[in-house]
Protein chains: 2
Amino acid sequence: MATINEIASKAGVSRTTVSRVLNDSGYVSEAARLRVLKVIEETGYVPSESAKSLRTKKSKVVGVVLPKISTETSSRLVKGIDDVLAAKGYQILLVNTNLSIEKETESLRLLKSRNVDGIILSATHVSNELQNVLKETNVPNVVVGQPYPEMYNVVFDDFSAAKELTNKLIENGHKKIAYLGVADTDYSVGVMRRGGVRSALEDANIQLPLEWDWSGTFDIKSGQDGMKVIIEAGLGHPDVVIAATDRLAVGAFEYLKHKQIEVPKEVLLAGMGTSELSRYVIPSLLTIDFPIEEAGKSAAELLLTQIEGKKTISTKVISHRLLE
Amino acid sequence: MATINEIASKAGVSRTTVSRVLNDSGYVSEAARLRVLKVIEETGYVPSESAKSLRTKKSKVVGVVLPKISTETSSRLVKGIDDVLAAKGYQILLVNTNLSIEKETESLRLLKSRNVDGIILSATHVSNELQNVLKETNVPNVVVGQPYPEMYNVVFDDFSAAKELTNKLIENGHKKIAYLGVADTDYSVGVMRRGGVRSALEDANIQLPLEWDWSGTFDIKSGQDGMKVIIEAGLGHPDVVIAATDRLAVGAFEYLKHKQIEVPKEVLLAGMGTSELSRYVIPSLLTIDFPIEEAGKSAAELLLTQIEGKKTISTKVISHRLLE
DNA sequence: CTGAAAGCGCTTACAG
DNA sequence: CTGAAAGCGCTTACAG
């Protein structure tokens with residue numbers, strides 16, 4: 001690997017001059033610049049990022065912390081982030097916490113030790129400790145997916161989304177409505193989406209029976225389990241089942257298909273978050289599209305404005321839309 | 001950010017000693033070690049990776065080069081890689097080439113300038129130039145997905161997989177067989193899978209009409225287009241359509257559904273590569289499972305053996321299996 | 001317009 | 001068992 005010294009001596013200049021042409025900084029005579037560029041060209045020299053980073057405390061690397069690496073949400077988020085970051089010459093250092101909270105905070109220190117220029121964290125819950133560690137690292141950052149007060153934040157309006165979806169169903173004349181949700185540990189998906197559904201039902205004076213207000217996890221299997229509970233609750237079939245996520249809806253569909261209950265004729269399914277899966281699997285799915293890629297882009301943009309020196313905290317709410 | 005010097009002075013030792021306890025190298029008296037560890041604990045000191053990397057030429061970072069960032073294949077591959085690499089303390093630097101060949105070679109130099117300890121490249125085609133650049137960088141590396149002679153390589157046996165699948169269909173009594181493939185620029189998926197299908201048909205003395213030997217791209221839309229061509233070829237319906245990828249199979253299914261041709265009753269669908277999508281969408285899909293995550297793990301392991309100093313070139317063939 | 005020198009934060013022979 | 005010193009490859013005041 002060539003170094004700046006070799007380039008300098010081959011070009012007959014000091015390494016200071018080489019550095020100047022590399023960074024387009026300070027004055028360099030045209031003649032010197034050309035000699036240097038020629039040598040760089042010939043040798044295929046690429047400056048050591050480690051040395052630059054040690055010196056400048058910058059790295060052109062952004063850490064992206066994910067709770068799970070292999071989900072459609074994660075990969076769409078990373079895609080959006082990468083689209084805007086790559087255009088500005090940044091690379092992504094991936095951290096998979098595997099839902100471990102310790103790994104989350106630990107990884108933040110590690111990222112800092114690598115002089116990353118910024119951190120984007122996809123959150124699964126709201127935590128004071130995480131917020132503190134994030135602030136302590138003193139690295140520009142943005143949190144995606146859960147509301148963190150006084151931080152750069154990219155979120156969806158989960159409450160309104162769930163409420164709109166539910167309202168739409170009520171408008172369409174549905175009265176017997178069941179809900180497949182997730183636990184309250186997840187604020188956005190657990191608390192807010194359930195809250196939106198309940199609020200819409202209340203406004204319309206529709207009862208949500210306890211047995212039809214299910215709490216599960218994020219996987220397809222859980223949707224099947226929940227659907228089973230609802231069907232076996234002894235309250236008859238609901239007109240429509242609203243699922244907090246599209247994977248839950250897919251699970252519900254699988255159970256209904258298995259029981260030969262026709263979708264959408266006997267039971268209509270509604271979900272949130274357009275996975276490719278649900279789009280092809282479930283007939284007449286009514287769903288809320290959360291444009292994850294756009295959230296990724298916004299997160300990257302918010303990060304860039306911080307890196308570039310602006311420091312006004314801001315929350316970006318990505319708008320959703322209803323799809324039939 | 002604390003530095004090694006501050007730790008040293010607070011602990012009343014030289015930075016040499018601090019470095020020794022950090023790296024568990026050389027002799028350190030128990031007393032000194034404890035003082036140092038205490039100070040590290042108190043200050044939350046984390047050594048600068050930039051400085052370490054400049055000095056040691058190592059970084060505990062592995063570059064992962066992907067043709068597309070947001071596909072199920074990519075994310076499963078990365079998951080497998082991360083599972084074994086994270087356990088050894090490595091992090092992943094992600095590079096998305098967006099199918100650009102220039103970005104591919106360019107990114108290799110960039111990764112080298114970051115002192116990555118290794119590179120895993122998910123290839124979409126076989127190229128001498130890429131192979132040369134890869135060798136030039138002189139960084140441990142492994143190529144996944146396409147056969148690269150004389151390199152560390154993780155591949156599937158696409159020819160055999162396609163042949164087995166086709167044989168199975170022939171065994172089951174199917175004779176009118178059509179094929180939805182992709183272009184030959186992709187060696188593994190284009191050339192080899194088609195080769196396997198054709199070989200099985202030849203062995204059984206079954207003709208593959210030109211009109212039923214379609215070449216498209218990797219998306220669902222392309223499967224629809226191909227299916228249309230096959231149906232409209234004027235040769236009647238095939239008994240079974242073999243798709244080179246599961247996404248093509250999904251496209252074919254969509255077209256058939258649209259035309260109210262029943263699957264699997266009128267036309268059976270077979271695919272390769274178990275996407276979650278196809279599993280839920282297509283009834284009675286016969287498919288070849290390529291365990292991508294396992295390929296990722298193997299790639300990471302092959303990389304680690306290189307990093308740890310072993311230098312015997314080897315190709316790992318990940319075995320597939322037939323799923324019904 | 002140009003270069004000598006200092007310094008970023010580490011590790012590693014080397015000497016004791 | 002311990003530390004002083006050199007050096008990794010850059011950038012950046014500073015002086016000319």
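Lettering of chains follows the sequences in order, A, B, ..., and the numbering in each one begins at 1.
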When B:Gly12 and B:Ala51 are each assigned the nearest nucleotide of DNA chain D, the 5'-most assignment goes to B:Gly12
Identify, between B:Val28 and B:Lys57, the residue whose nearest nucleotide on DNA chain D lies closer to the 5' end. B:Val28
When you get a sec, tell me which of [options] is the closest nucleotide to the side chain of [X]?
X       : options                : result
A:Thr16 : D:dC8, C:dA4, C:dG9    : C:dA4
A:Ile4  : D:dA13, D:dC10, C:dC10 : D:dC10
A:Thr56 : D:dC8, C:dC10, D:dT12  : D:dT12

When you look at A:Asn115 and A:Ser59, which way does the side-chain hydrogen bond (donor to acceptor under 3.5 Å, both in side chains) test go after all the steps? CA-CA 6 Å; A:Asn115 286 327; A:Ser59 61; over 6 Å; no
I need the [atom1]-[atom2] distance between [X] and [N], as an integer number of Å.
X        : N      : atom1 : atom2 : value
A:Asn115 : C:dC10 : CG    : P     : 10 Å
A:Arg35  : C:dC1  : CZ    : P     : 14 Å
B:Leu54  : D:dG9  : CG    : C1'   : 5 Å
A:Glu49  : C:dG9  : CD    : P     : 18 Å
B:Asn5   : C:dG7  : CG    : C1'   : 12 Å
A:Lys58  : D:dG9  : NZ    : P     : 23 Å

Does OP1 or OP2 of [N] have a side-chain N or O of [X] closer than 4.0 Å?
X       : N      : answer
A:Ser50 : D:dG9  : no
B:Ser53 : C:dC10 : no
A:Tyr45 : D:dC10 : yes
A:Thr17 : C:dG3  : yes

Let's test this: given Watson-Crick or G-U wobble pairing with both distances under 3.5 Å, identify the partner of C:dA13.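 Its partner is none (no Watson-Crick or G-U wobble pair with both distances under 3.5 Å).
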B:Glu6/B:Lys10 ion pair, N-O < 4.0 Å: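 Looking at B:Lys10 together with B:Glu6, the answer is no, because their closest N to O distance does not fall below 4.0 Å.
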Taking only Lys NZ, Arg NE, NH1 and NH2, and the carboxylate oxygens of Asp or Glu, determine whether A:Arg76 and A:Glu72 approach each other closer than 4.0 Å. yes
Has the side chain of B:Ser14 got a donor or acceptor that lies under 3.5 Å from a partner of the other kind on the base of D:dA4?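 Answer is no: no donor-acceptor pair is held.
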Heavy atoms under 4.0 Å, any strand shown: does A:Asn23 hit a base, just sugar-phosphate, or nothing? sugar-phosphate
Residue met sooner reading DNA chain C from 5', once A:Arg15 and A:Arg20 are mapped to nucleotides: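 Per heavy-atom nearest nucleotide, the more 5' residue is A:Arg20.
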So which one's nearest nucleotide on DNA chain C is more toward 5', B:Leu22 or A:Val13? A:Val13
When you measure from the side chain of A:Asp117 to the backbone N and O of A:Val62, does any donor-acceptor pair fall under 3.5 Å? no
Do side-chain atoms of B:Asn96 reach the backbone of B:Asn98 as a donor and acceptor pair under 3.5 angstrom? yes
